[in-house]
Amino acid sequence: MTTTPQAVRRASPRTRRPATPVAPDPTAGLLPQTAPVRLLDPDGTPLPPRADLPAPPVETLREMYRRMVVGRRFDAQATALTKQGRLAVYPSSRGQEACQVGAVLALRDDDWVFPTYRESMALTARGIDPVEVLTLLRGDWHCGYDPTVVHTAPQCTPLATQCVHAAGLAYGESYQGRDTVALAFIGDGATSEGDFHEGLNFAAVFKAPVVYFVQNNKYAISVPLSRQTAAPSLAYKGVGYGVPSEQVDGNDPVAVLAVLTRAVAHARAGHGPYLVEAHTYRMEAHTNADDASRYRDPDEVEAWRDRDPVARLEAYLRSRGELDDAAVAQIAAEAEAYAADLRDRMHAQPTVDPLSLFEHVYAEPTPQLVEQREMVRAELAADAEGDA
Amino acid sequence: MTTTPQAVRRASPRTRRPATPVAPDPTAGLLPQTAPVRLLDPDGTPLPPRADLPAPPVETLREMYRRMVVGRRFDAQATALTKQGRLAVYPSSRGQEACQVGAVLALRDDDWVFPTYRESMALTARGIDPVEVLTLLRGDWHCGYDPTVVHTAPQCTPLATQCVHAAGLAYGESYQGRDTVALAFIGDGATSEGDFHEGLNFAAVFKAPVVYFVQNNKYAISVPLSRQTAAPSLAYKGVGYGVPSEQVDGNDPVAVLAVLTRAVAHARAGHGPYLVEAHTYRMEAHTNADDASRYRDPDEVEAWRDRDPVARLEAYLRSRGELDDAAVAQIAAEAEAYAADLRDRMHAQPTVDPLSLFEHVYAEPTPQLVEQREMVRAELAADAEGDA
Amino acid sequence: MATMTMAKALNAALADAMLDDERVLVFGEDVGQLGGVFRITDGLQARFGDKRCFDTPLAEAGIVGFAVGLAMSGLRPVVEMQFDAFAYPAFEQIASHMAKLRNRTRGALSVPMVIRVPYAGGIGGVEHHCDSSEAYYAHTPGLKVVTPATVEDAYSLLREAIADPDPVVFLEPKKLYFASGEAELPARTAPFGRAVVRRPGTDATLVAYGPAVPVALEAAEAAREDGWDLEVVDVRTIVPFDDATVTASVRRTGRCVVITEAQGFAGVGAEIAARVQERCFHALHAPVLRVAGLDIPYPAPMLEHTHLPGVDRVLDTVARLQWDDRPDPRWLAQGSAA
Amino acid sequence: MATMTMAKALNAALADAMLDDERVLVFGEDVGQLGGVFRITDGLQARFGDKRCFDTPLAEAGIVGFAVGLAMSGLRPVVEMQFDAFAYPAFEQIASHMAKLRNRTRGALSVPMVIRVPYAGGIGGVEHHCDSSEAYYAHTPGLKVVTPATVEDAYSLLREAIADPDPVVFLEPKKLYFASGEAELPARTAPFGRAVVRRPGTDATLVAYGPAVPVALEAAEAAREDGWDLEVVDVRTIVPFDDATVTASVRRTGRCVVITEAQGFAGVGAEIAARVQERCFHALHAPVLRVAGLDIPYPAPMLEHTHLPGVDRVLDTVARLQWDDRPDPRWLAQGSAA
Ligand SMILES: Cc1ncc(C[n+]2csc(CCOP(=O)(O)OP(=O)(O)O)c2C)c(N)n1
Ligand SMILES: Cc1ncc(C[n+]2csc(CCOP(=O)(O)OP(=O)(O)O)c2C)c(N)n1
Ligand SMILES: [Mg+2]
Ligand SMILES: [Mg+2]
């Protein structure tokens with residue numbers, strides 16, 4: 001789909017029998033464009049501007065570049081931390097920087113994000129402490145940040161389940177008179193789950209202000225998109241819920257930001273949910289524990305290197321005179337510092353109190369948990385004695 | 001939607017920017033017509049024939065009429081049996097005769113049907129003994145017929161779950177070289193369930209020969225369609241799976257049969273699943289136990305009386321000289337006899353052996369079940385002694 | 001004191017909770033204009049408007065997940081599953097999210113919500129309408145699991161559930177919906193975690209909850225003829241479980257039968273039996289016995305009476321409590337065959 | 001005898017079953033070219049083609065429901081759930097269809113299919129990857145529930161499961177996947193419903209299954225130092241349960257501890273404890289005690305060792321089996337407070 005040089009509207013003239021009245025098209029505004037929206041060529045050359053899709057302000061694009069560079073460095077650092085045994089596992093989002101950062105920049109700080117395990121970069125780009133973001137993967141607790149402070153749900157592992165939560169939260173916010181928008185990340189594979197369907201449908205029926213943002217990175221672990229769907233593209237799922245939908249070149253940072261900004265505005269204006277599919281590519285294996293050579297061709301990966309979103313935005317900003325060697329170097333240095341700080345802080349082995357296991361199961365531990373806590377307390381005391 | 005006098009193809013010319021190449025429409029063949037297909041006017045007057053949808057042979061339509069009349073009489077009899085305490089509950093399909101019988105006539109005997117609780121009429125129209133069909137609702141066992149003999153799954157109560165079974169069975173049949181088609185009935189409400197999504201998707205990805213037949217009777221118990229979906233119509237869900245879809249006036253027997261016949265042919269030819277939405281109406285309450293006056297306007301029901309599918313087909317066949325008073329009377333008599341026979345046979349109270357509870361949980365009862373069976377056997381013996 | 005049905009008491013509890021707390025929203029399938037298939041939400045939409053009591057699309061995972069999201073936004077959702085087995089599509093949302101969100105976030109996100117489930121049988125329902133599903137929930141840490149057996153408890157426990165800071169699965173015994181009882185509303189019987197002795201007795205303890213409580217009481221009444229004075233304990237909240245009341249009773253009586261309508265294998269009855277013998281071993285004159293539903297799918301209406309634990313089966317079991325202190329031949333035979 | 005991992009034995013069982021029976025199809029998420037995230041299906045697609053071993057869309061209800069349909073058409077599906085908690089979306093298909101279809105149709109439709117579930121923890125997995133979900137299945141009539149603890153049993157029980165006429169939930173202890181053991185394939189150990197004494201002993205019986213079996217064996221070994229000679233029974237098939245072997249052992253030893261990794265409340269351990277005391281009451285010198293996971297959501301990797309029943313906790317529990325015939329002060333204190 002990404003080979004079409006320019007996004008076009010669905011255009012095939014349908015055969016119409018004469019003498020029948022023309023009914024209004026019930027799909028108007030609901031179907032995506034037939035090819036992914038693209039505003040920059042892969043080499044960063046801008047395509048003609050579009051009246052229906054205002055280009056994002058250049059300061060925002062500069063900020064986007066900065067966060068993408070820092071995000072990529074963060075991502076590499078996290079992968080390195082797995083090799084050093086500091087992280088149990090890490091799912092990289094290398095190659096998906098435009099999506100991860102674009103989503104964050106399209107939102108306000110008080111909007112809510114519903115991420116999956118893949119969105120560590122989006123969360124750090126949101127300003128969440130990377131150590132808190134990696135808590136789940138380091139293994140000291142399930143979620144390291146306070147969702148109510150950063151307006152970000154815990155990274156969700158059970159696929160697609162967050163789609164329904166996002167609908168509920170967004171509806172709840174608007175019910176309470178707040179103009180918060182929720183953005184739910186979801187992968188191509190997870191669109192096959194029933195909860196994706198139920199989430200979109202609830203959001204549509206209740207006109208909940210949610211943006212469903214599918215990062216179609218072409219694989220669900222090893223399973224290629226062709227095993228997930230026979231649809232022309234995932235964005236075509238929206239019309240079945242009455243949800244306007246768009247597809248976008250997920251490696252074109254300008255297009256991603258533009259399309260998501262429009263989607264968020266639509267939701268915030270009270271028009272209900274919006275579905276965006278970004279065509280992108282997972283450059284690394286599913287996680288560091290995965291062996292992608294078992295199921296995909298290195299040539300395929302190579303081909304996607306030419307569509308690198310960071311280089312693309314850099315080229316564009318340079319061509320517009322918005323970025324020069326000095327600025328690039330400064331951002332790279334910032335990224336290095338960010339990574340170094342993360343490495344240092346992840347170096348310290350966290351201590352977790354075993355007795356904390358009994359907290360937060362319920363607001364107050366049940367008598368059964370109190371008994372079990374006493375058992376563990378006694379065990380710990382015996383261990384300490386044995387050690388002494 | 002049913003007010004458009006004639007089905008039309010989606011026709012709104014989309015604004016196209018000049019100088020962009022015309023991409024092929026990825027939705028071609030997947031979207032339904034913008035208004036439900038109709039081949040007879042509500043009064044039975046035929047509409048102009050359509051090249052893309054051959055009209056069913058008139059003998060089949062005569063047979064359809066016969067089964068619809070018998071089916072309606074059966075349905076009334078079943079409702080009467082609830083009043084006589086012979087059935088615990090009965091969900092009527094009055095008003096949906098064209099759908100119930102049309103689906104059956106579009107299939108071969110060795111095709112598989114996946115019915116819901118609403119499809120008693122379809123099953124009797126398929127030739128299954130009505131006493132066996134009503135076993136579930138009488139309460140002597142969960143399913144009264146042998147599915148492998150009548151190629152009909154047990155009537156399914158957990159909504160939408162049968163959509164996935166149908167995909168599996170259909171794929172399994174074609175895998176084994178048989179050209180069987182499966183038809184899964186489903187209601188408008190049940191399309192909101194995740195299993196509808198997963199069923200359609202599996203069928204599409206595996207090109208399983210299934211027809212998904214949504215009887216959109218506008219209510220899920222008391223919940224109106226507007227609370228199920230914001231989609232233009234349920235048939236627009238197909239494109240999101242790459243499944244060709246059609247909507248049809250579900251009270252137009254000729255159109256229902258024509259559209260389903262095309263859908264079945266599509267599936268049998270190996271082109272994968274097909275989604276058909278029939279716009280119809282549940283004339284009675286959800287079941288005899290339901291009180292529809294709590295949630296719907298009698299005027300609405302009245303309006304649908306004018307679109308009665310049985311009268312419509314009768315008028316059409318009479319106008320074509322295919323039916324006369326004598327034939328109508330003969331069919332009515334047949335229907336009466338059918339109902340009388342059913343009434344008589346349902347009059348006998350069935351006896352069910354309590355020990356049969358322990359059969360068919362597993363192929364062989366487990367030791368635990370053997371123990372429990374002995375307990376029940378002893379209880380029964382003690383009861384018998386007590387009675388004696 | 002007024003006489004009313006449990007259905008009415010539940011309806012009043014919902015209405016009073018909505019009145020007291022604006023954040024309470026009631027939704028599910030057919031709960032709006034219809035008032036629910038059992039009429040538990042009758043009149044709530046008319047009274048509180050269709051933003052506070054409303055119908056949803058027909059999708060249980062959606063309903064529960066939507067409620068989780070609403071709870072995250074600070075509201076207090078109370079949702080209805082239409083029947084027990086129709087909550088299964090929501091199982092992942094219940095087990096992996098509703099039950100765990102507080103724990104996952106170290107208490108930052110709580111999920112104060114209630115899932116109401118009309119459960120269990122005895123009403124002649126067709127398949128999938130009569131499951132006893134309490135064990136699935138009771139086995140899932142993070143959920144509170146509650147089931148009333150009386151009209152007063154129905155009101156009180158439902159108010160408690162809605163006010164509780166934790167997610168609650170509130171199981172409503174269908175067969176008791178339209179049984180009448182005495183109640184003065186707003187009744188407040190006891191907080192979560194308190195079982196109650198419904199009938200004092202000295203010879204053995206019958207432990208039951210929900211639909212099994214009336215069976216236990218009836219059996220205790222009938223047992224008087226056989227010369228047994230049976231105590232009946234109503235568990236009320238399965239999670240958290242009231243060990244203190246149950247063990248105190250069994251220590252007094254020295255004998256115990258656990259009655260549940262659910263299929264017995266790995267059910268809540270097994271948990272109670274296991275706990276009681278762990279904690280009362282030296283007070284026991286006989287093993288703790290169980291009377292449960294058979295280990296079969298819930299049967300068709302015409303056979304449900306064979307499946308359901310009834311008074312006779314309870315009394316037969318009480319008779320096996322080794323009143324003469326001889327081992328039960330039934331188990332002995334089997335054991336020696338091994 | 002050769003040394004191999006359980007993963008390898010399971011892979012061999014699948015391959016041999018596919019070889020023996022053309023109707024066997026293996027599918028799920030990532031089971032094709034990747035060979036499964038645990039490589040249990042490694043090489044099957046290459047060997048048998050992508051019609052017999054294939055990837056599906058990412059949807060567990062879909063996978064199970066599709067398998068039910070395939071079984072209806074006469075095939076023998078063997079599906080993989082990628083991890084324990086990711087089977088929950090399929091719960092309705094499992095509980096309401098797979099488990100019940102034979103019963104609903106009076107035996108006309110059987111559902112000979114297997115759901116393989118890598119389950120339980122001890123591998124440092126993140127949340128939702130380490131649930132012990134056996135009780136949900138064991139409590140659902142119509143399902144057989146099986147879990148191997150040895151390499152030979154892994155092969156044998158999986159072959160048995162695939163050949164079985166009933167639906168089987170086959171639980172694979174993740175932490176044992178890459179533990180090696182001796183096996184001669186094709187091994188056939190025992191049909192369903194047979195527990196086995198893994199270690200004879202005279203003083204008390206440890207009953208365990210799946211991931212808890214190695215813990216029990218290690219504890220029995222360690223207990224020798226304390227002067228206890230412990231017998232270890234491996235349950236192997238939870239449903240159907242082998243009462244004969246378990247009760248015979250406990251009658252011999254007079255004491256019993258049940259060890260499960262799952263959270264204890266209303267788990268399979270409760271069932272075993274309840275059954276054992278029902279059947280062995282007069283042989284017991286002490287209550288049947290349980291060692292189980294804590295009643296908490298499975299913890300993050302750094303705390304899982306506190307959660308999991310380990311050798312020390314087993315030995316502490318064995319020590320409480322009232323060797324001097326005095327009541328356990330722990331429970332007494334609590335009871336008298338009531
Ligand atoms: C309900 C559920 N089933 C299975 C899994 C196991 N799993 C984790 S990631 C993954 C693939 C997801 O693919 P996709 O949705 O495309 O997201 P991506 O990883 O590509 O970002 C699978 C199958 C899961 N986490 N949840
Ligand atoms: C999973 C599930 N949830 C809820 C129900 C209860 N229920 C039975 S019929 C029904 C309405 C179904 O409406 P629809 O799908 O439109 O079919 P219709 O009854 O109109 O034929 C509901 C909610 C059920 N049977 N299964
Ligand atoms: Mg993906
Ligand atoms: Mg309907």
Side-chain angles (χ1 to χ4, degrees), chain A residues 1 4-17 19-28 30-35 48 50-51 160 191-198 201-207 226-243 272-273, chain B residues 1 4-17 19-28 30-35 48 50-51 160 191-198 201-207 226-243 272-273:
Chain A
M1 310 248 34
T4 321
Q6 172 93 19
V8 289
R9 287 242 158 230
R10 258 182 340 107
S12 75
R14 314 293 299 262
T15 10
R16 197 194 326 160
R17 281 181 296 143
T20 52
V22 175
D25 183 353
T27 67
L30 299 177
L31 287 167
Q33 305 196 17
T34 53
R50 300 173 44 129
T191 63
S192 297
E193 291 278 6
D195 277 10
F196 171 77
H197 174 77
E198 300 190 15
N201 196 39
F202 269 69
V205 165
F206 291 108
K207 273 188 172 282
S226 59
R227 264 292 141 116
Q228 290 311 336
T229 188
S233 192
L234 296 167
Y236 287 89
K237 291 184 182 288
V239 63
Y241 308 97
V243 172
Chain B
M1 312 252 27
T4 320
Q6 173 90 19
V8 287
R9 286 244 158 226
R10 255 179 348 101
S12 76
R14 315 291 302 260
T15 12
R16 199 195 324 160
R17 280 181 296 143
T20 52
V22 175
D25 183 352
T27 66
L30 299 177
L31 287 166
Q33 305 196 16
T34 54
R50 300 171 44 129
T191 64
S192 297
E193 291 278 7
D195 278 11
F196 172 75
H197 174 77
E198 299 189 15
N201 197 41
F202 268 70
V205 166
F206 291 107
K207 274 191 172 279
S226 58
R227 263 293 142 116
Q228 289 312 334
T229 189
S233 193
L234 296 167
Y236 287 88
K237 291 184 182 288
V239 63
Y241 307 98
V243 173

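Chain A is the first sequence line, chain B the second, and so forth, proteins listed ahead of strands; every chain is numbered from 1.
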Strictly distance-based, threshold 3.5 Å: is any side-chain N or O of D195(B) a donor or acceptor partner for the main-chain N or O of G194(A)?
no
Under 4.5 Å from any heavy atom of chain B - which part of F202(A):
neither
Which heavy atom of N201(A) sits nearest a heavy atom of T229(B), and at what distance?
OD1-CA, 3.9 Å
Chain B contact via E193(A) - which portion, at a heavy-atom distance below 4.5 Å
both
Can you name the nearest heavy-atom pair linking A231(B) to G240(A), along with the distance?
CB-O, 3.2 Å
Partner set under ring-ring contact (aromatic ring centres under 6.0 Å, His included) for Y241(B), not counting sequence neighbours
H197(B)
Looking at A51(A), A235(A), A230(A), A160(A), which has the largest count of heavy-atom pairs under 4.5 Å with chain B?
A230(A)
Take T27(B) and V239(A) through the test side-chain contact (heavy atoms from CB on, under 4.5 Å) and record every step on the way to the result.
CA-CA 11 Å; T27(B) 66; V239(A) 63; over 6 Å; no
Shortest non-hydrogen pair, T34(B) vs P26(A), comes out as CG2-CD, 3.4 Å
